[in-house]
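Just so it is clear, the structure is predicted and the values come from calculations on it, not from any experiment. Both counts, for ligands and for their atoms, begin at 1 and track the order of listing. Residue indices begin at 1 and follow the sequence shown.
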Amino acid sequence: MEFKKVSYSYGKQPALENVSFSIEKGDFVGVIGPNGSGKTTLVKLMLGLLKPDSGSITVFGKGIQEFRDWHRVGYVPQKATNFDQNFPATVFEVASMGRFSKAGLMRQPSEADRKAVEKALHVAGITNLQNSRIGDLSGGQQQRVFIARALAAEPDLLILDEPTVGVDMKAQHNFYSLLKQLNGEMGMTLVLVSHDVGMITKSVSKLACVNVTATFHDVSKGFEEAALFCSYAKDVGVVPHHHD
Ligand code: ADP
Ligand code: MG
């Protein structure tokens with residue numbers, strides 16, 4: 001994924017200005033910045049949901065306008081677990097939705113679809129919950145269901161937007177172990193958005209500090225300096241940093 005001088009505004013208000021970076025295969029990128037700094041806007045640009053006002057975006061070597069293989073890009077949205085708790089679907093059914101972009105809505109699920117969903121449930125550690133109703137699960141378990149849904153598409157790149165908001169500490173800890181496994185053992189490229197520096201310090205190899213502009217840091221050999229830089233960048237911002 002490559003951004004070259006990308007800018008985006010909602011109306012007159014610039015949300016991102018002149019953002020350039022590249023993400024290589026196998027990277028684990030942490031994106032941090034205060035609330036309202038443009039993190040979700042950055043994610044939506046990566047997913048082709050927003051079109052840049054200026055600059056260019058390349059995905060897997062293709063201009064984003066021409067890119068069609070969106071099943072290669074998995075997405076766990078912000079507040080994924082914030083849905084109707086009476087939603088009448090099982091864990092297996094929700095995870096199966098991850099196959100739709102590949103299969104098309106009308107096609108019968110194939111053996112390959114079923115296998116991919118089973119594997120995703122296994123990796124997410126929720127095989128034992130596959131017949132449970134999603135509304136009956138804890139926040140941490142629901143979070144894993146939405147990760148399984150993204151994994152079911154067998155993505156090469158997985159983008160997660162503040163996936164640990166509203167999840168307890170123990171579930172968060174397990175969640176970071178899962179991400180390390182996806183990145184380390186399975187070689188999946190990860191982009192993890194968080195407004196909390198402390199959460200991602202130990203996991204990531206690259207750090208993006210977003211506050212309308214964005215700076216990228218290689219933190220594979222130490223985090224201290226970049227983290228310091230990010231917190232300075234935060235002081236310059238006009239939006240106070242509050243937890244939801
Ligand atoms: P973050 O994810 O870092 O909290 P966002 O990317 O969601 O930040 O938002 C960046 C800025 O753009 C904020 O000032 C926000 O209020 C504004 N913004 C986000 N979405 C919209 C929208 N749909 N219309 C207008 N302004 C928006
Ligand atoms: Mg956001």
> Numbering the atoms of ligand 1 from 1, which are under 4.0 Å from a heavy atom of P34?
Replying inline: 3 (O)

>> Between E154 and R99, does any side-chain N to carboxylate O distance fall below 4.0 Å?
In response: yes

> Can you list the ligand 1 atoms lying under 4.0 Å from a non-hydrogen atom of N35?
Replying inline: 4 (O)

> Just checking, any donor-acceptor pair under 3.5 angstrom between side chains of D113 and S110?
Replying inline: yes

>> I'd like to check whether S37 has a polar contact with ligand 1, where a contact means an N/O of the residue lying under 3.5 Å from an N/O of the ligand.
In response: yes

>> Going by the rule side chain to side chain donor-acceptor pair (under 3.5 Å), which residues pair with E111 if we only count those two or more places apart in sequence or in a different chain?
In response: R114

> Any idea which atoms of ligand 1 are less than 4.0 Å away from a heavy-atom of T40?
Replying inline: 1 (P), 2 (O), 6 (O), 7 (O)

>> Test side chain to side chain contact (heavy atoms under 4.5 Å, CB included) on Y75 and V43; report intermediate values, then the result.
In response: CA-CA 9 Å; Y75 172 44; V43 166; 3.7 Å; yes

> Should A15 be counted as touching ligand 1, given the test is an N or O pair under 3.5 Å?
Replying inline: no

> Could an N or O of ligand 1 be found under 3.5 Å from any N or O of K39, whether backbone or side chain?
Replying inline: yes

> Short N/O distance, under 3.5 Å, between T41 and ligand 1?
Replying inline: yes

> side chain to side chain contact (heavy atoms under 4.5 Å, CB included) between E118 and F92: does it pass, once the steps are laid out?
Replying inline: CA-CA 8 Å; E118 281 174 0; F92 191 92; 4.2 Å; yes

>> Counting backbone and side-chain atoms alike, is an N, O or S atom of T41 positioned under 2.8 Å from the Mg ion (ligand 2)?
In response: no

> Only one of V145, I147, L137 forms a side-chain contact (heavy atoms from CB on, under 4.5 Å) with I126, so which one is it?
Replying inline: V145

